[in-house]
Amino acid sequence: MTADASAQDDAVEMRNALLRLRRATGLPVAFGGLLEAGRQMRISELSGTATHALRSLVVTSGNGLGGKTVVLARPCVVTDYSASRQISHEYDAPVAVEGLRSVLAVPVVVRHSVRGVLYGALRTALPLGGRMLDEAVEAARDVERALVVREEARSLAAGGGAGAGGEFVAEGGAGGGREQVREAHAALRALAPKIADPQLRAELLDACALLTADSVPSDRVRLAPREVDVLACVAAGATNAVAAERLGVTPETVKAYLRSAMRKLRARTRGEAVVAARRAGWLP
């Protein structure tokens with residue numbers, strides 16, 4: 001994926017998250033952006049704004065409400081932006097031009113690092129309740145998941161390769177590389193059902209397919225997508241409880257899918273099921 005294409009995908013994810021934030025909270029204005037060069041964030045996406053005062057505004061870490069959110073890596077709220085003593089006021093002018101008063105900001109956090117901020121705002125000075133904040137956090141989670149998926153896919157594309165005879169080789173030896181592939185496959189399979197965007201979900205599953213490109217699933221064994229998801233987690237060493245957490249289902253559901261897969265694969269144990277699934281071309 002080119003840098004331009006990646007930036008376009010990021011912009012789409014931000015726009016979708018802002019629309020979700022507005023629908024879920026009822027806030028009339030939402031805006032946000034991703035960090036650039038580590039300490040600065042450029043507000044790139046606007047939804048419901050009446051002016052262009054906030055467009056391309058550069059927010060420095062620590063400054064204003066968004067900069068405070070970046071530093072603390074947690075949501076922050078002010079009831080009256082221009083009068084708040086909880087934040088610095090470098091950006092009062094564009095905020096005033098847009099007429100914003102009550103503002104919330106939630107961080108987009110990927111692997112313990114703040115990557116961006118989503119804002120929601122009112123043009124009146126009213127308290128923003130806990131439900132609104134919860135919904136804004138969920139909108140940020142959508143962006144986080146999309147960023148993780150794309151980074152995993154880029155990492156696989158950049159780090160994967162084929163040696164002589166088509167065997168995957170990575171730093172640390174062929175065996176270590178194979179285990180990395182299996183762990184990546186399990187992680188991507190677990191992420192796929194959580195992606196709301198059907199195109200992005202399809203791209204993710206295509207990336208999964210690249211990891212099993214050296215084998216074709218057997219026509220004699222037909223596994224359901226969720227059965228493959230569970231087996232991928234098991235192959236990576238996950239317990240039923242851990243697999244359930246990764247896949248967003250209950251441990252009982254994991255057991256049911258695993259039993260079904262074992263029956264189709266004619267396996268008596270979890271280990272036999274994983275081996276049979278690999279031989280049948282369903283797992284790397």
- What one should report as the nearest heavy-atom pair of Gly62 and Ser88 is O-OG, 4.0 Å
- Task: Answer yes or no: is there a donor N or O on one side and an acceptor on the other, between the side chain of Trp282 and the main chain of Val221, under 3.5 Å?
- Result: yes
- Evaluate side chain to side chain donor-acceptor pair (under 3.5 Å) for Glu98 paired with Thr51, printing each intermediate quantity in order. CA-CA 6 Å; Glu98 185 58 41; Thr51 73; 2.6 Å; yes
- Closest heavy-atom contact between Leu126 and Ser102? O-OG, 2.6 Å
- From Ser113 OG over to Arg115 CZ, what is the distance, rounded to the nearest 0.5 angstrom? 6.5 Å
- Query: Quick one: does Arg278's side chain have a donor or acceptor within less than 3.5 Å of a partner on Leu283's backbone?
  - Reply: no
- Message: Run the side chain to side chain contact (heavy atoms under 4.5 Å, CB included) test on Val143 and Met14 for me, step by step, so that the C-alpha distance in whole Å, both residues' side-chain angles and the decisive distance to 0.1 Å come before the verdict.
- Response: CA-CA 7 Å; Val143 181; Met14 290 294 290; 4.0 Å; yes
- Does His89 reach the main-chain N or O of Ser84 with its side chain, forming a donor-acceptor pair under 3.5 Å? yes
- Task: Verify, without hydrogens or angle tests, whether Arg226 (side chain) and Leu247 (backbone) share a donor-acceptor contact under 3.5 angstrom.
- Result: yes
- Query: Hey, does Val70 have a side-chain heavy atom less than 4.5 Å from the side chain of Pro107?
  - Reply: no
- Group every Ile, Leu, Val, Met, Phe, Trp and Tyr by side-chain heavy-atom contacts under 4.5 Å, then state whether Val58 and Tyr91 land in the same group. no
- Message: So, taking the atom named CG in Leu100 and the one named CG in Leu27, what distance separates them when rounded to the nearest 0.5 Å?
- Response: 10.5 Å
- Task: Applying side chain to side chain contact (heavy atoms under 4.5 Å, CB included), run through Ile87 and Val78 and close with a yes or a no.
- Result: CA-CA 8 Å; Ile87 61 173; Val78 293; 4.1 Å; yes
- Glu135 and Thr25 side chains, donor-acceptor separation under 3.5 Å: no
- Assess whether atom OH of Tyr257 is packed by more than 12 heavy atoms of other residues, nucleotides or ligands within 6.0 Å. no
- Indicate yes or no: at least one non-hydrogen side-chain atom of Val117 is less than 4.5 angstrom from one of Leu65. no
- Query: Who are the salt bridge (Lys or Arg N to Asp or Glu O under 4.0 Å) partners of Arg74, not counting sequence neighbours?
  - Reply: none
- Query: Counting N and O atoms only, with roles assigned by atom type, does the side chain of Thr253 sit under 3.5 Å from a partner on the main chain of Val249, one being a donor and the other an acceptor?
  - Reply: no
- Query: Does the pair Glu272/Arg266 count as a salt bridge with the N-to-O cut at 4.0 Å?
  - Reply: no
- Indicate the atoms forming the closest heavy-atom contact of Ala238 with Arg246, along with that distance. CB-NH1, 3.8 Å
- Is there side-chain contact between Arg55 and Ile43, with at least one heavy-atom pair below 4.5 Å? no
- Message: Apply side chain to side chain contact (heavy atoms under 4.5 Å, CB included) to residues Leu231 and Leu223 and explain how you reach the verdict.
- Response: CA-CA 10 Å; Leu231 286 172; Leu223 297 179; 3.8 Å; yes
- Determine the minimum heavy-atom distance between Ala105 and Thr69, stating which atoms define it. CB-OG1, 3.4 Å
- Task: Report the relative orientation of the aromatic rings in Phe31 and Tyr119; use parallel for angles under 30°, tilted for 30 to 60°, perpendicular for over 60°.
- Result: parallel
- Can you name the residues that form a side chain to side chain donor-acceptor pair (under 3.5 Å) with Arg15, not counting sequence neighbours? Glu45
- For the student: nearest non-hydrogen atoms of Glu144 and Val109, plus distance: OE2-N, 2.8 Å
- Query: OG of Ser61 to CG of Leu35: how many Å apart, nearest 0.5 Å?
  - Reply: 7.5 Å
- Query: Can Glu227 and Lys264 be said to form a salt bridge (charged side-chain N to carboxylate O under 4.0 Å, His left out), step by step?
  - Reply: CA-CA 10 Å; Glu227 292 169 349; Lys264 294 177 180 179; 3.0 Å; yes
- Message: Go through it in stages, so that I can follow the logic: the residues are Arg131 and Asp134, the test is salt bridge (charged side-chain N to carboxylate O under 4.0 Å, His left out), and I'd like the CA-CA distance, side-chain angles, deciding distance and then a yes or no.
- Response: CA-CA 5 Å; Arg131 184 190 67 81; Asp134 289 342; over 6 Å; no
- For Pro127, does its backbone N or O pair with a side-chain atom of Thr79 as donor and acceptor, under 3.5 Å? no
- Query: Under a 4.5 Å side-chain heavy-atom rule over Ile, Leu, Val, Met, Phe, Trp and Tyr, are Leu72 and Val77 clustered together?
  - Reply: no
- Message: Counting C-beta onward and ignoring hydrogens, is there a side-chain heavy-atom pair between Gln40 and Val59 closer than 4.5 Å?
- Response: no
- Message: Would you compute the distance between atom CG of Asn63 and atom CD of Glu90 and round it to the nearest 0.5 angstrom?
- Response: 3.5 Å
- Item | Side-chain (Arg141) to main-chain (Ala136) donor-acceptor, under 3.5 angstrom | no
- Do side-chain atoms of Lys68 reach the backbone of Gln86 as a donor and acceptor pair under 3.5 angstrom? yes
- Taking all heavy atoms of Gly48 and all of Arg123, pick out the closest pair and write down the distance. O-NH2, 3.6 Å
- Can you tell me how far OG of Ser44 sits from CD of Glu36, rounded to the nearest 0.5 angstrom? 8.0 Å
- Message: Please say yes or no: joined through hydrophobic side-chain contacts below 4.5 Å, possibly via intermediate residues, are Val97 and Leu54 part of one cluster?
- Response: no
- Message: If only side-chain N and O atoms count, and only distance matters, is there a donor-acceptor pair under 3.5 Å linking Arg101 with Thr124?
- Response: no
- Message: Can you tell whether the side chains of Glu252 and Lys255 come within less than 4.0 Å, N to carboxylate O?
- Response: no
- Message: Within the structure provided, determine whether Leu133 and Leu128 are in side-chain contact (heavy-atom separation under 4.5 Å).
- Response: no
- Query: Side chains of Pro225 and Arg189: does their closest heavy-atom pair fall under 4.5 Å?
  - Reply: yes
- Could you check if a side-chain atom of Val137 sits within less than 4.5 angstrom of a side-chain atom of Pro75, using non-hydrogen atoms only? yes
- Message: Are the side chains of Val234 and Val230 in contact, using a 4.5 Å heavy-atom criterion?
- Response: yes
- How long is the gap from CG on Asp142 to CG on Leu18, to the nearest 0.5 Å? 11.0 Å
